[in-house]
Structure formats: C-alpha cells, structure tokens
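Comments concern the structure below.
Quick note on labels: first sequence line is chain A, next is B, and so on, each numbered from 1.
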Amino acid sequence: MKMATSSGRCSVEPPLFGPHTGHDPIKALYPMVNEEETPLPRCWSSKDKYSFIGLTQNNLRVHYKGHGKNHKDAASVRATNPIPAACGLYYYEVKIVSKGRDGYMGIGLSSQGVNMNRLPGWDKNSFGYHGDDGHSFCSSGSGHPYGPTFTTGDVIGCGINLIDNVCFYTKNGHYLGVAFTDLPPQLYPTVGLQTPGEVVDANFGQAPFVFDIGEMMRESQCRVRTTIQNFPVPDTYGQWQTMLHRMVSTYLVHHGYCATAEAFARSTSQDFDEELTSIKNRQKIQKLVLGGRLGEAIETVQQLYPGLLENNHNLLFMLKVRQFIEMVNGTDTEVRGVSRSPSRPPTHESSPSPPCWSNGRTTDPVPGTSSTPPSSSTTSTPVIQQHTSVIQSTKNVISSGQTSASPVTTEELNQRNAQDLRASSPPSATNGTTPVIHLPVPSGSSSSSSSSSSTSSNSSSNMHDSDTEMECMEANSHHLQETNNSLGDTSHSNGFSNGFSKDIDIQDDENEEAMEVENSVGSRKMCGGNPDAIGRMLAFGKEVQHMSQVLRRELGKNDHNKKILQDAFSLLAYNDPWNSPVGWQLDPLQREPVCQSLNSAILESHHLPRRPPLEICVAHTKQLISLMSRSGIGSCAFASVDSLLGSQQ
Amino acid sequence: VEPHGPVCKLLHLHLIMEVLPTYMDVEHSRAYIDQLYSNDSHKCFQAVSELKFAVIGSVREKGTIIEQGVVVRLLQILRSSELDILLKTEVVTVLNSLAKGLPEHASSLVQAGLLPALWEQIETCAGGSGTSAYTQMILCCLRSVYRQGCAPPPPSWDHKLLTTLIQHGYHPPSNQECVANILAHACKTCEQQQQLVDAGGADLVACMLCSPVSRVQLPALHCLAAMCYKNERVSSILATKSYGGKAVPDLLVGLMARDRPRDMQLAAATSLTFLHRAGALSADDPKIIFKTLQCLVRMCRRDREVWERVEAANTLAYLTEVSTELQRTAAMTDHLIHTMNDYLKDTTSSAGASAPQGICGSPISCRQYDNPSTWPELMLEAALKVYASLGANDEDIRQRVIKTDGLMNTIVTSLSAACPAVQLAAVRCLHSLSRSVHTLRTTFQDHMVWRPLMTVLKTSSSEELVTVASSTLCNLLLEFSPSKEHILDQGAVEFLCGLTRRPHPGLRLNAVWALMNMAFQAEHRVKVSILHHLGTDQIFRLLSDTDVHILMKTLGLLRNLLSTKGHIDQIMQCHGKEIMQAIILILEGEHSAEVKEQALCILANIADGDMAKNAIMSNEDVLKKLMNYMVIPNVKLQIAATFCISNLIWNVEEGAAERQNKLRDMGVYKLLQNLMTTTDTALFDKVKTALQQFH
C-alpha cells in the first residue's frame, strides 16, 4: 500500500535540542551556542548603563532613578553580552512591574556603544518598542504604529530571528508580529526607562516564558531541516548516488566491518579498493588492540605489515607505551600469561566501534572489562583444547536438541562442527589446515606467530565461500546472544558478529569465567598481583624508556612521546592506579585512539585514506557549523549534525 | 490504491492511443467490453482486468467507459451473489479508478446507484475481517466517491451500517484513512452528527488522531470538525473524550504545533474553532486564545498557499465572530489587519496559475479551490469576513479597520459584485462598521454607501443577504446618520414596508426596526408616508406577529410616529380609530409587561396631543383600563398609566378642567392619592405631578 511509505515522518517528535546540558535552562534554550566563545546574555550589565538606571535582584530588575523631566533624562541598560548568532532564535521577556509616572518604557535591542542616555530605538543601531504609544522605533526619533500600548502587569517579549535577521515582540504571550527587519549583528538586549517609578524585571530564560518560544524554535528547526533535505544536488548520471555509496562502503571497510561491507557492495554493485584479507587482518589487529593485547597486536603487525612499525617509530612507541599500560592493567598477554594458565587467551574486552561516531555506543561492553586476572582458585580450571571452525552453524546445535538454557561447551560445539565439516566437505578441505584453526594462543611468541599465519591462511581460504560464511556467522552470533544473555553482554554490534566469530566462541566462554572471578575479587591489583608479571612489567618499562631515549636521539625531542611515557610511568606511583589521578589511562576507551592511529597507519601504508571520507565529511560539516556560528549565520542553531542524523532513524 | 506497474505501462499505451484515430479507439475498447458481458467468469475477469489497465491513469478513458454505460454491468457483477470475490475486487478497483477521475465521473457513478451497491457489499462482508482486500477496496472506492464532494450523504445513517464502518476504522491504516474521509464528507446534518457519536464515532476519531500516519490524522481532523460544527451536544462529548491519556483538545493542540505539516495545523485549528463556537471550549481557554488564534493568523501570512490563506481567514472570521476578547487579541496579533489588506489587493497571484493538485481542505470547502480564477474573489470574501468579525464590538478596532488603505472603496465595489458570497461578506463588513456613530457620520457619508446598499436590498433574492443588508440599513437610518435623507430619497419607505410582508421573520423584524428608526423625530411627511405605505392592516398584522421582537418594534414604530403634538393630532385625525383599536388589542391580549408598557406609552403620547386626547377621553373602556394599570403590582406599568393620566389632565391645555372633573368622578384622584404612599420614587414623582394638575 502506498500509505505505509508516508507514515510516521511527521508524527515523530524530533529531539528538540539534543541531550540536556546540566540544569542551566538558559543554556538549554540555545544548545548550539559555544559559551566559551560567545557567552549568552544572562543579566543586565552593571557597567553598560546610564547612571539613572538602578539594578537589583541579581541585575535582573531595572528601576529608574533620575528626574524624568523630559526625553533628555531617558536612560538605558544593555545585557552583559551580545546575542550569539548560534542561538538561531533568541528571546527574552520583560515584565512591567510598575509603569511609574508616565510609563515611557522602551524594550528592544542595541549595538555596543549606542548612547545610553536614550531610549532604545532612537539612535542608529538601536531598536525599541515603546509602552506609552505602542510604537516601534527603528533607529529613529519618530516611531511607527506597531502594537498595543503596555503598562503595569504586562509581559513584553522581544525575539530576534537570527536566520532572517528580524525582530518581533509579544505581549502577554500573544505574538505581535515582525517589528524590524535587516538587523545588524551583535545586538544586546536593551531596556530604557524615562520617568520615576518605572520598574521592569527581565527573564533571559532562567524562568519559563509566557510566550511559547519552544514551538517557534521547532518550526525554525523544521524549516532549516527541510532546506537541507531539499537542497538541490546536481546528480547527472547518478554520480551523487555513487558517491554516497562509496562513502558508506569506505567507512565500513575502514573499520573492518567486512561482511556488512561486502553485502553493501553487492547490493550497490561496487568494488572494494582493498582485499578482503587485508580488511580482515586489520580487523584482527584492531581487535587485539581494543582487547588490550598490545604485545600480540605489535607482533601481528610486524608479521603482516613488515616495515610498517620499523618506519614509524613514534607509532611503535605509542603502541609500546600502551602495552606498558595494559601490563599494569593486567590485560596484556605478557602479564596475563603469567597470572593465569599459560595457554589461556586473554579476555575479549570490547568490540571495536568507530570512535568518531561514538555517541554513546562505545561504552564498556560489560562491567568489569578492565579485568583483573583471576584469583588462584580459577587457575585450576582445566584447560580446554579449543578448536573452532569458521564454517559453523547453530543449526547443528538446535537440531541436536540443545537449548540455550543449557549451553553446550565450546569443546562439544567445535567437535560437532568439525565432524559436520568433515562429513560434508570434500576431502581436500579436511586436510586439517585450512578450515579448522587451532586457537589457544599460547604466551610464547613463536606460537603466536603460527596462530596469526594460520588465521591469514584461513581468511584466504574463505574468500571463495564468503556467502556461506556470512550466513553462518550471523547464525552464530544469534546463538551466542542466547547463551550469553545471562551475562548481560550486549555488545553484539556489527563488528562483533561480522569478523570475530572464530574467536568469539572461545572468548565468550572465557568471559563467563573471567567475570565470575572478577565479581568475587574485591579489588584490582597491579599486573594482577603476580610478582612475576610485575617483574616483566618493570623490565618492559625499562625497554620502553630505552626506546624513548633512542627515539629522542634519532628524531629529536617529542613532547607528545614524553608526556605519554610520563603519564604511563606515573601509574606505578600509586597503590591503586585505577583510582589515581592518572587512572584514566587504564580505561579501555583509551585504547581507541591507539587503535585508530594504528589502523590509519596501516591503511596509509597501503595508500588508502587514513580516515574514511564519511568521517571526514562529518567532521567537515561540524567544523563548518561552528564556522557558521562564528560568522554569525543563525541557521547553524538548527543544523546540528547529530540531531540531523538522529532524526533520520 | 492503484497498483504501480501497470500504470506506467498503460500511460505509454495511452499515448499511442491518443495518436490513433478515434474509430480505432472505439474498436479497441469494444473488444474487451464485449467480453465483460460474458457468462464465463474467467473471460469476464480478463475483461475487467483489461478495463482496469485502460482506465487507471487516463481521465479520458474513464469518461469514455462511463459514457459507454459499462458502469451498469459492473454494478450488476458486484451485486450478483454467485460470482467470485476476486472478480468483484477487480470490479471495485475499476470503479475506484473511475471515481478518482473528474467530479462528473464520480457523480455519474452515484447516479448509476454505486453507493447503495457498495454499502450492501460492506454489509455482506461485515462478518469477515476488515483486512480483506475486497473490503479494503470497497472502502477505497467509497472514499474516492465522497472525496469528490458530489455524493449526497445518506439522509440518515443506518445504525448497523455505521457501526460496521466505524469498526473498519480501527485497522489497518489504509482502512482508517478511507473511513475517516467517508465520515468527514458524509456528516452534514445535526442528526448525522448525533448518529455518528451514538455509533462510537467520537472514540474512533480520538483513536485516529493518535495514529502515527499523517494520512489518517488529517481526514480524522476533518471528520472531527464535521462532527462538532454547530453542534453543542456532540462537541461537548468530543471535548471530553481522550485517547492514550490525552484529551481530544490537547491532542488537537499537538497536531497544531508549528512543525506539523501546514494542512494538519489548519485542520486542527478548524476543529478547535468549531469546538469553541459550539461552546465546548471557552474563548479564554489558552488552547483557543493563544494556540488556535495564533495558528490561524499565522496561516494567513503571505508565504502560504492561497487556499490555506483563504481557509485560515474564513475560520478566523468564524472564531472571532462573537467574542470581544478574541477580536481584541486577533486585532493585535501579527499585524492581522494589515495582512488582510493584502487579501484585498492580491489579484495577480492567480493570473497564470493552473489548477492546484492535492489540495486537502476540509470537506466544507471541498472543490472550492479548483479554479484559480476565483481565488481573488475567495480572498476578498475571506478578508471582508475577517474585518466584519474584528470590528463587531470594539470601536478602536473598527477605526483601525476603517483606516485600512482602500477598504471602503473595496466594500463599496464589492457590494455590487457579481458573486453573492462577496456581496454578503461586504454587507457583513459594512454592518459591523455601521455600529460606529463616528463612521456613520464621516466615512459612510463620504463613500455614499447607501447607494449600493439600497441596490443590494432591492435586487437581491438571497434572504441572508437582505437580512444583513437591512440590519445595516437600520443603523444607517439612525437619527444622527446623515445618510438617512438619502436613503429616504431612494424609496426606502416603500421598500421597507414591502419587507414587513416577507415570510422570513428576520426580514420583518429588520424592516420594522428600520421604519422605527426612520420615524424617530422624523418630519411629518415621512410619518405620513410610512403610514400610507404600511397601511393600518399591516400594522394590525405586525401587532399580532408571533415574534415578540417584531411586536415590540412595531409598538416602537407607533410611538415614534405619535410624537410631538402636531403630528399626534394629525395622525390621530386620520387613523385614530384604528390606532385605538390596536392599542386595546394589545392591552387585552396575553402579552408580557414590556409589551403592555409600550402600549401604555403610546397612549400617553396620544394623551399629549390636543385633539387626540378625545380619543381616550371618549373611550371609558380605555380609561378604566388605565385606572386598572395604575393599581396592578407592576411599577413600570403604573408609571406608564399615571403618565398617561397626567398628560390627559395637563392644566394649561384647553378643556383640562372638564377632563379633570370627569376623571375625578371616575375616582382617579382618589387612586392617585392612594398611590402617594408608594416607595418607588419614580412613580411617586409621576403621581405627585399628576395630583398637582388637579385644581
């Protein structure tokens, strides 16, 4: 039915201004304003006023204290700051507490430097609406009939639309219409009084307004969004479309979402610039880094991309420093192998997710991921010889009558899969090398290299059978979700199910154990509390320090390197580094920049872009919006990239 | 909903066909049309399918098919009980497509008896689920017919049918859209509104307002508006309905938000307006005075579509017609008075415009915007209505309206416009403005508005128009109005007297009222002319009118006629007998005290005349009545009667002593003395004055 297509769009309430920032109602009105650059008007200025003006109540109440004989006794006051263009739509209200003797009050806007011995509107770059006659004064001594008069008890609102550069007023919540057009930039809220007894209170947004400005803002937002969405793009021969496809595709490839990338490429008939193997390798490396297994990551990089780290000393140094931190953390294989059974691979820490888009998605996968090594009681757990197949299907599990309530051990699964595979595959495949990987990764470097080589050969063998693989992987991840629900592990993101299935089996089981242990452990200890590991860590520390000296000698001073090393070493100064001022380094989130740098370096070495064009585009857009804000283009208030992307969901 | 694929294919085919000579076309059509009459249901299905592909997307083809009388056969298939549901569905698809053509196409379908056939089918499959393709298609077809605005709604709904229809309105969205549209277009009378509510329509509408689909929400709003238009009972029910914890008025405010589609905002504002006018929401409710009012004023802005501006202005005029508070607020909101001035001048915008597509106004204005050449008229009419409402009560607003550039000229020209709707709006506007004494004396005089006004009165056959125009005339005939003389010159007396004979009570009232105003402090010749043209017979008729307002104004007219001594004597000389008869008629009749007071006042006026006094003095019956009214427990009547006595016995006048003696003999003096004990000061003064006259 045609109907369904048009559904919803207009009835979905767009999020107004993104997440609320604290409890500052003024700030909440103008979320796109960067108050470090352009502070919002919050009260009347005690300096920028005529002497006949008195201020009370936190500089929000204005009263007249002159003679009030004639217009020469008029007095005005400006707000503390000019209205930032990034407000988009700015609004303030003034309540007439008392009209005084004659009620010659003016409410409006003026530029800095306009004479304060006048009512707003009488001079150039000054604009006002006057209570005694209801006239509007646009930089002129003579007014035009505009609205009703106003007096004691009335609430007058003054709004400025910074997109169209027009000013409007409201009276007691009723919209009076546009008063001024073609306004100059950098105007200040201004009020002027002229006779004794006149008192007015200002509301810059600290209290709810009488007029419903929120709805007007939503209208502006809607308008700007429509303008953006309807912006004409020259699309000859579908080039625009192709470009968009490429942007999505390169993004997926960049972050190693290979199955998604493949599927996307297939449905949009595109090719990759990079081989699938290469993507998978990068994905593996990223996973190791994000898992805190830096030692392995470095070795894998050296193996797969010889020369890369050798030619990029700073990157290597960064990785080494991170490795040191992970050792302190107790997550690096080097120390983990000591504290736990040597043949046990480390816990999977977090799924890689693109840092640039991380509005809330790149959180810790599960509580306690910055895991401490298990206590000695668990080291006695029997080591399982873990086999896993890439081509593995849950169907097998289900058909064998197993339910998710009683999860099968990995062992069983693997065996069954292996049998399955042997039964269904041609003999050449069962040769033992390609489809079945032997994966416990031992702590020794020699076996680690064998592991990675087997992985790479495995990936290449997958190339001709990618369809099957994907299907299976999806099925696999479903299965995992079921078995792991009790753990609260919800990190089955794209990347998780796409590329890591071969490790997931092992690791999720592993996770289960590790977490049980962690829950029982009271506090975390450096290097898992293992003296051997501490020894290794210290030795490694020396190695890194040496490297830093060499680097300094060869490449000259590098402040960044110096700082990261200092920060890392500072961890040793505390008994409980996690709760120290430098403890932030131990947060798994800190692996992400390292991961990004490494990923970018690998891509660059293959002459691929360091950053995916999509991310560059988003970054550009954000930059442009802040540039708009600085250049006084009001529409930036309603062009938030995040809210625009959010509204598309 | 028409399938997509075949449409494209056939558009192409259609292009080829247009190139071919007509006879080919006819031959081509005939091929499958013959098959249509086949008894073989398979062949018949083939034919209907082909027919479907032919008509979808081609207005010309729809016309041809209808002309060839195929509809009769289609309805026959529809009604036959043994035929397959698939075939029937295909038939309804064709009918739906035909209904979507020109309005003429839809109305010829209606004439062929489409509606009862469809209703019958809906009933038959009422047992089945509403999601069946057949039911859906029937609802679509009904929707298409009703949306064309040519289908008369059933004079009274069959309750069972209505219930079935409402049941279908809950699911799925495609059915909801259809049902909402059908109900919106088929709900015209007060009875239908009530029936709809009784069958559960209020709950359905509340539910549909919460639909996530805008194509359901919009017709639901139209349906709501249609239900509560001028219906207090239904409106009060709807205003208290709620869905999902939100009351209907709040839901409407939500749909009126500024980031909603404009047609939705407008429809929601219309619904709220109708709820207000039907008394379900008060004028000072923020939903009305802030939200609805601002929304409608906003919709009048220049950057909107013409139809939106017209619709918004008309609704705004209706919203603000009565409440002074709303009028004041509207007048200061967003330069409304100025914006309306644009409407008067906006004659260029539509010059080369083509008929707009997809206008989804309310059912009330169905098809009104089809012809762009009428847009300037529509805008003019809407603006005049807004001005009429704004200026109804507040003199300040009136003055601002009158100062609107060129408005008076526009009103004067519009009075003689060819379009009755524009004329009516102009007269309404003039009527509002005529409530200002200042305007009567200045602007109206300058623009000689009486001329076109009298022309309207004399030439128009529209009762509504003449009613408003004669109301306006009443104001123009007030004694301080300089137009009065000119209007008399235009033969107003004769015209108004004629008007008093019209069956429409509003017209009679206005006519008598105008005559009353005219007679106030008028010259003798005017009074004579009124009496001459009206005739005593007509006065008697008016005095026995069932409408008490007319009676009162007639008595007022008599009072105005019988004022100042000279006039009283002259008039009584000619018509004394009849007038006395009339007064006795009133005094003896079953009337309220106000009416009798008027009659006594007329007597008092007569008693003020020199010769006319005899008419009373010689009638002992009347004198006894007067004495009677002096003692009944109603101060106003006592005052009036005493005043009359006092005039009769006025000292300085000729024959006063004689009259005093007669009345004293009758016991009036004693009565007066007794009345001296009254606590009412006004009566006491009158009594005292009267007693002082006695020697």
Side-chain angles (χ1 to χ4, degrees), chain A residues 1-16 89 129 134 136 144-150 154-157 159 161 164 166 168-181 209-226 638 643 647, chain B residues 1-4 131 133 136-137 140 172-178 209-218 251 253-265 286 289-291 293-295 297-298 300-301 303 325-326 328-339 396-397 400 403:
Chain A
M1 286 266 143
K2 282 184 200 165
M3 288 200 41
T5 55
S6 72
S7 74
R9 209 191 123 196
C10 44
S11 35
V12 174
E13 291 276 347
L16 219 192
L89 185 63
Y129 166 36
S136 65
H144 290 281
Y146 167 68
T149 58
F150 55 86
D154 285 330
V155 176
I156 302 300
N161 180 331
D164 306 333
V166 299
F168 62 86
Y169 289 92
T170 66
K171 181 184 173 183
N172 300 327
H174 298 293
Y175 179 74
L176 300 181
V178 168
F180 311 111
T181 56
F209 290 124
V210 176
F211 178 70
D212 189 350
I213 192 71
E215 213 193 302
M216 214 175 183
M217 286 191 171
R218 278 193 290 274
E219 187 186 33
S220 296
Q221 191 170 39
C222 193
R223 235 177 67 198
V224 170
R225 185 161 299 167
T226 313
F638 307 109
S643 80
S647 74
Chain B
V1 178
E2 305 190 341
H4 249 11
T131 52
Q136 287 192 13
M137 199 35 88
C140 283
S174 56
N175 279 3
Q176 291 190 297
E177 185 217 340
C178 293
L209 291 181
C210 295
S211 161
V213 186
S214 58
R215 281 184 63 176
V216 175
Q217 287 172 321
L218 190 60
L251 290 173
V253 170
L255 294 171
M256 203 169 54
R258 300 173 78 137
D259 50 352
R260 296 278 180 176
R262 285 199 216 141
D263 46 2
M264 183 108 70
Q265 291 183 40
I289 197 163
F290 287 99
K291 297 287 179 181
L293 187 67
Q294 279 182 27
C295 174
V297 175
R298 197 164 63 235
C300 294
R301 275 190 209 158
D303 56 349
E325 200 188 349
L326 288 176
R328 287 196 181 126
T329 309
M332 74 176 193
T333 300
D334 201 5
H335 313 293
L336 179 64
I337 292 175
H338 191 77
T339 309
D396 279 350
I397 301 175
R400 282 173 61 202
K403 280 178 196 139

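Partners of B/Arg298 by salt bridge (Lys or Arg N to Asp or Glu O under 4.0 Å), not counting sequence neighbours: none found. Residues satisfying the salt bridge (Lys or Arg N to Asp or Glu O under 4.0 Å) criterion with B/Arg400, sequence neighbours excluded, are absent altogether.
Neither the backbone nor the side chain of B/Leu293 comes within less than 4.5 Å of any heavy atom in chain A. Using a 4.5 Å cut-off between heavy atoms, B/Arg328 does not touch chain A at all. For A/Asp212, the part lying near chain B is the side chain, with the backbone staying farther off; criterion is any non-hydrogen pair under 4.5 Å. Residue A/Phe211 touches chain B through its side chain alone, counting heavy-atom pairs closer than 4.5 Å.
You'll find the side chain of B/Arg258 stays beyond 4.5 Å of the side chain of A/Arg218, heavy atoms only.
When all heavy atoms of B/Met332 and A/Pro148 are compared, the pair lying nearest together is SD-CG, 3.4 Å.
Ranked by heavy-atom pairs under 4.5 Å with chain A, the list B/Asp334, B/Leu255, B/Thr329, B/Thr333 is led by B/Asp334.
In this structure, the side chain of B/Gln294 engages the main chain of A/Gly173 through a donor-acceptor pair within 3.5 Å.
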